[in-house]
**Q** 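I'd like to ask you about the structure that follows.
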2 protein chains.
Amino acid sequence: MTRPSSPWRVPPGDRARQHELKRDAVILTAARAFRERGYHNTSLDDIAAALHVTKPTLYYYVSNKEQMLFACFEEGLARLTVACDEARAAGASGRERLVALVHRYALAITSDFGWCMVRAEDQDLSPAMGARIKALKSGIDQEIRALIRAGIADGSIAVRDPKMAAFALAGALNWISHWYRDDASLSAGAIAERFVDLFVNGLAPRTRQAPSGKST
Amino acid sequence: MTRPSSPWRVPPGDRARQHELKRDAVILTAARAFRERGYHNTSLDDIAAALHVTKPTLYYYVSNKEQMLFACFEEGLARLTVACDEARAAGASGRERLVALVHRYALAITSDFGWCMVRAEDQDLSPAMGARIKALKSGIDQEIRALIRAGIADGSIAVRDPKMAAFALAGALNWISHWYRDDASLSAGAIAERFVDLFVNGLAPRTRQAPSGKST
DNA sequence: TAGGAATTCTACCAGCCGGTAACATCGCCA
DNA sequence: TGGCGATGTTACCGGCTGGTAGAATTCCTA
């Protein structure tokens, strides 16, 4: 019974570490399957098969299917949270920090867990887990708004409604996960660059260049 | 269209008209249920109960559940298509037409069918129907890109990558359906207004106002 | 008022899939 | 080497839900 599975054969280490690695492999495989076929169209047997394992084995690492989705959710949102933290200490002005966030956000959203953050329904989770996810999402939103407000305060951003601006920005970024699987012709960094160009300068031509500074 | 509370009691008319109205009621009720609980979390019994009817009755108007989702999809996308057509003849410059599109788009996306357009997975549909949906969606995307290119041509828009700009704009608009149910503090028109402000002028302060002109 | 078509209901089925029990195997350690 | 926890498997269950058969009822028309 040799198992030629890729993510399952983890390097040696103590038992606890092995267990942790295998659990991660389960979550990652689940995330990829969900992304490809959707949560409800993915059976636990599918995930198990992708790992060359049987269904009950999954239950040794995860308590149920719902928890898998939750873990994917959490993993993806954790990356976004890290992105926010990094961005907050990235630049001088509010706008520079926001630009930094866009770059990191794009990177996170194109990851395997991007789908789970964006497309998964909170309704598929228990009220408790749904509430937790909602709180995490709201935290990201508040972070974006804070950056925008900071930019307004220091004069690097001029926008009427920070909340709507945050929604628009997050929407554009989240939406990447919808089309990126089919059209990955651009890297996350390149996408972020284009988005920054659009969001910073706007659609209307600028007669005189505002104190913008070039994007790298 | 029909009364929200009890759409089943339709005004008299000939048989064919009655049938059509009731079918519309089924689709609308399905759209609302899908929006509220998600496609997979909504059973046909749920939809039937909402109409004070039993499940087999639904099958008298719709061939199966998948077709319901498809009909919702189509209905929503039809509105977007209309929005595109109207926008194309709305203003003088490409930018004005694009602004008009944003307003109509926001209206469509906040409708009952907005969810189906955006959140429903093509994977829940048969390959044939999925392909049709994909084609319709692609048409909308091309329409947006065309407006942007027209704006570039007539000088009312300055943007480096029309394709990415279209993705960003569509993403921001589509994303409305994610948060609008929980936070409907703004009307679709007000949202569109804010979005236009952001997308046209950008985040960076404009020293001298570009030839933008009116904001209603 | 009879008859037929349109409409809706009761009753039911079958398959999928999440989840579990109980047994088999692996691998470390005394 | 024997034993024991950690892993993993086979075999199974049961409920939910999409879908259907066929009877019942309503409604128009003659």
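Just so you know, these numbers come straight off a predicted model, no measurement behind them. Only this structure's heavy atoms are used, side chains among them; waters, hydrogens and symmetry mates stay out.
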**Q** Of the nucleotides dT8(C), dT7(D), dA6(C), which has the atom closest to the Lys22(A) side chain?
**A** dT7(D)
**Q** Without decimals, in angstroms, what is the distance between Tyr60(B) OH and dA21(D) P?
**A**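 So the two atoms are 16 Å apart, to the nearest Å.
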**Q** Heavy-atom nearest nucleotide on DNA chain D for Ala16(A) versus Leu44(B): which residue maps closer to 5'?
**A**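 Counting from the 5' end, the first nearest nucleotide belongs to Ala16(A).
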**Q** Name the nucleic acid region contacted by Thr54(B), choosing base, sugar-phosphate or nothing; use a 4.0 angstrom heavy-atom cut-off, strictly under.
**A**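 It contacts base atoms.
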**Q** dC17(C) P sits how many Å from Ile47(A) CD1, rounded?
**A** 12 Å
**Q** Measuring from the side chain of Pro56(A) (C-beta onward, heavy atoms only), which nucleotide among dG8(D), dT10(D), dT7(D) has the closest atom?
**A** dT10(D)
**Q** Among dC28(D), dT9(D), dT8(C), which nucleotide sits nearest the side chain of Tyr61(B)?
**A**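 Of all the options, the side chain of Tyr61(B) is nearest to dT8(C).
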**Q** Counting C-beta onward and ignoring hydrogens, is there a side-chain heavy-atom pair between Arg23(B) and Glu20(B) closer than 4.5 Å?
**A**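 In short, these two side chains do not touch, never coming nearer than 4.5 Å.
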**Q** Within the pair Ser43(B) and dC16(D), is there a side-chain N or O less than 4.0 Å away from OP1 or OP2?
**A** no
**Q** Please state how far atom OH in Tyr59(A) lies from atom P in dT7(D), giving the value in whole angstrom units.
**A** 19 Å
**Q** Going through the checks in order, is the side-chain hydrogen bond (donor to acceptor under 3.5 Å, both in side chains) test met by Ser43(A) and Asp45(A)?
**A** CA-CA 5 Å; Ser43(A) 74; Asp45(A) 283 318; 4.8 Å; no
**Q** When we call it a touch if two heavy atoms are under 4.0 Å apart, what does Ser63(A) touch: a base, just sugar-phosphate, or nothing?
**A**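 No contact at all - Ser63(A) keeps every heavy atom at 4.0 Å or more from the nucleic acid.
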**Q** Is it the case that the side chains of Asp124(B) and His40(B) hold a donor-acceptor pair, with the cut-off being a distance below 3.5 Å and no angle test?
**A** yes
**Q** Under 3.5 Å, is there any donor-acceptor pair linking the side chain of Lys65(A) to the base of dG19(C)?
**A**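 Flag unset: no donor-acceptor pair detected.
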**Q** Checking Tyr59(A) against Asn64(A): is there a side-chain donor and acceptor pair closer than 3.5 Å?
**A** no
